[in-house]
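Given the structure is predicted, the values throughout are model-derived calculations rather than measurements.
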Amino acid sequence: MQPRELIDTAPVPGGQPLKLYRRGRDHMIVLDGNELMSSRMSGSEKALAVMTLDRLKRVSDPHLLIGGYGMGFTLRAALANMGPGGRITLVELVPQIIAWARGPMADLAEGCLDDARVHLVEGDVAAVIASARGSYDAILLDVDNGPDGLTTPANDRLYSAAGLAAAKSALRPGGILAIWSAAPDAAFTRRLRDAGFLVDEVAVKARDNGKGPRHVIWFAAKR
């Protein structure tokens with residue numbers, strides 16, 4: 001097997017550094033030895049956007065908040081499935097992730113960051129959510145491997161009762177909080193319901209071809 005090549009390392013505020021590797025044409029982002037994302041597996045990240053927008057068909061020009069750029073799969077899928085009047089606020093905590101999208105992974109990004117519908121915010125998505133009131137039709141979170149602060153411990157507050165209340169306040173009536181996870185979490189499902197959301201927990205395959213590991217997306221609707 002072709003060895004993977006370390007391309008760059010990015011500091012994470014309050015967390016372990018992220019490392020970008022390349023093997024042939026594939027890229028991997030690794031945290032503390034764990035592969036967070038890979039260009040080989042994008043199906044569930046795309047589903048995060050597509051399935052959210054399916055639930056917002058009644059909204060002609062939705063405003064989405066996407067937490068975490070990653071490799072841009074969710075952003076590109078959202079743009080491909082939105083009309084010209086839709087808007088996306090993209091929040092990325094790690095500036096180097098955006099630098100990678102414009103540099104070594106520019107071919108993968110396909111210019112999505114330059115789309116006129118995208119407003120890029122380099123900062124903490126929890127702070128953006130906390131400052132909003134009825135601003136978004138959907139909030140899509142893929143900043144950790146599940147509902148706990150893996151990338152940075154400070155992300156725990158996103159999934160706490162207070163964090164879910166803040167997300168609910170930031171959503172418009174009928175809005176969707178969509179959260180990606182590598183695995184199920186029954187306690188988090190209960191927490192979403194306790195926060196007053198109508199919860200739909202969906203299992204999705206990691207790869208576009210329907211193969212690979214099974215991931216989970218929670219779609220929590222504001223009543």
Between L75 and I66, what is the shortest heavy-atom contact and its length?
CA-CD1, 4.0 Å

So which of L36, I7, L31, T9 actually passes side chain to side chain contact (heavy atoms under 4.5 Å, CB included) with K19?
T9

Between R55 (side chain only) and A138 (backbone N and O only), is there a donor and an acceptor less than 3.5 Å apart?
no

Distance-only donor-acceptor check, side chains S44 and W180, under 3.5 Å
yes

So does Y159 get a backbone contact from the side chain of R191, meaning a donor-acceptor N/O pair under 3.5 Å?
yes

Should R25 and D107 count as an ion pair when the cut-off is N to O under 4.0 Å?
no

In one Ile/Leu/Val/Met/Phe/Trp/Tyr side-chain cluster, 4.5 Å: I29, L6
no

So, R40 side chain and D26 main chain: donor-acceptor pair closer than 3.5 Å or not?
no

Drop me the distance from I139's CD1 to T52's OG1, to the nearest 0.5 angstrom.
11.0 Å

Dump the intermediate steps for side chain to side chain contact (heavy atoms under 4.5 Å, CB included) on L48 and D142, then the final yes or no.
CA-CA 9 Å; L48 178 63; D142 183 9; 4.0 Å; yes

Quick check on the hydrophobic clustering: are L141 and V50 connected, directly or via other members, by side-chain heavy-atom contacts under 4.5 Å?
no

Do K205 and R214 touch side chain to side chain, with heavy atoms closer than 4.5 Å?
yes

For the residue pair A166 and A130, what are the closest heavy atoms and their distance?
CB-CA, 4.5 Å

D115 vs I88 side-chain heavy atoms within contact, under 4.5 Å
no

Applying a strict under-4.5 Å side-chain criterion to I, L, V, M, F, W and Y, I'd like to know whether Y21 and M41 cluster together.
no

Side chain to side chain contact (heavy atoms under 4.5 Å, CB included) assessment of R87 paired with T89
CA-CA 7 Å; R87 293 181 293 149; T89 298; over 6 Å; no

Smallest heavy-atom separation, E201 atom then P184 atom, equals OE2-CB, 3.9 Å

Check against side chain to side chain contact (heavy atoms under 4.5 Å, CB included), R22 and R4:
CA-CA 5 Å; R22 180 172 57 209; R4 64 184 189 181; over 6 Å; no

Side chains of F188 and I179 in contact at under 4.5 Å (non-hydrogen atoms)
yes

Would you say the side chain of L192 lies within less than 4.5 Å of the side chain of L164, judging by non-hydrogen atoms?
yes

Pair R102, D114 - check salt bridge (charged side-chain N to carboxylate O under 4.0 Å, His left out), show working.
CA-CA 10 Å; R102 298 191 187 280; D114 300 319; 3.1 Å; yes

Measure the spacing between CG of L171 and CZ of R133 and express it to the nearest 0.5 Å.
12.0 Å

Value rounded to 0.5 Å, distance of CG in N34 from CD in Q16:
10.5 Å

If only atom types and distance count, is the side chain of S39 paired as donor or acceptor with the main-chain N or O of H27 below 3.5 Å?
yes

Just wondering, do L20 and M105 contact through their side chains at under 4.5 Å, heavy atoms?
yes

Which atom pair, heavy atoms only, marks the closest approach of K168 to F197?
CB-CZ, 3.6 Å

Tell me, do L53 and P62 make a side-chain contact under 4.5 Å, heavy atoms counted?
yes

Non-hydrogen atoms of L64 and A78 that approach each other most closely
CD1-CB, 4.1 Å

Taking the side chain as everything from C-beta on, heavy atoms only, tell me whether I129 gets closer than 4.5 Å to Y136.
no

Honestly curious: do V94 and M28 fall in one hydrophobic cluster under the side-chain, below-4.5 Å linking rule?
no

Report the C-alpha distance between L108 and F73 in whole Å, list the side-chain angles of each, state the deciding distance to 0.1 Å, and finish with yes or no for side chain to side chain contact (heavy atoms under 4.5 Å, CB included).
CA-CA 9 Å; L108 185 64; F73 296 122; 4.1 Å; yes

So how far is it from M71 CE to S42 OG, rounded to the nearest 0.5 Å?
10.0 Å

Please report the interatomic distance OH(Y69) to OG1(T74), rounded to the nearest 0.5 Å.
10.5 Å

Value for CG (L198) from CD1 (I176), rounded to nearest 0.5 Å, stands at 8.5 Å

For residues E122 and I98, determine if any side-chain heavy atom of one lies less than 4.5 Å from a side-chain heavy atom of the other.
yes

Closest non-hydrogen atoms of K222 and R172, given as atom of the first, atom of the second and distance, are CD-O, 3.6 Å

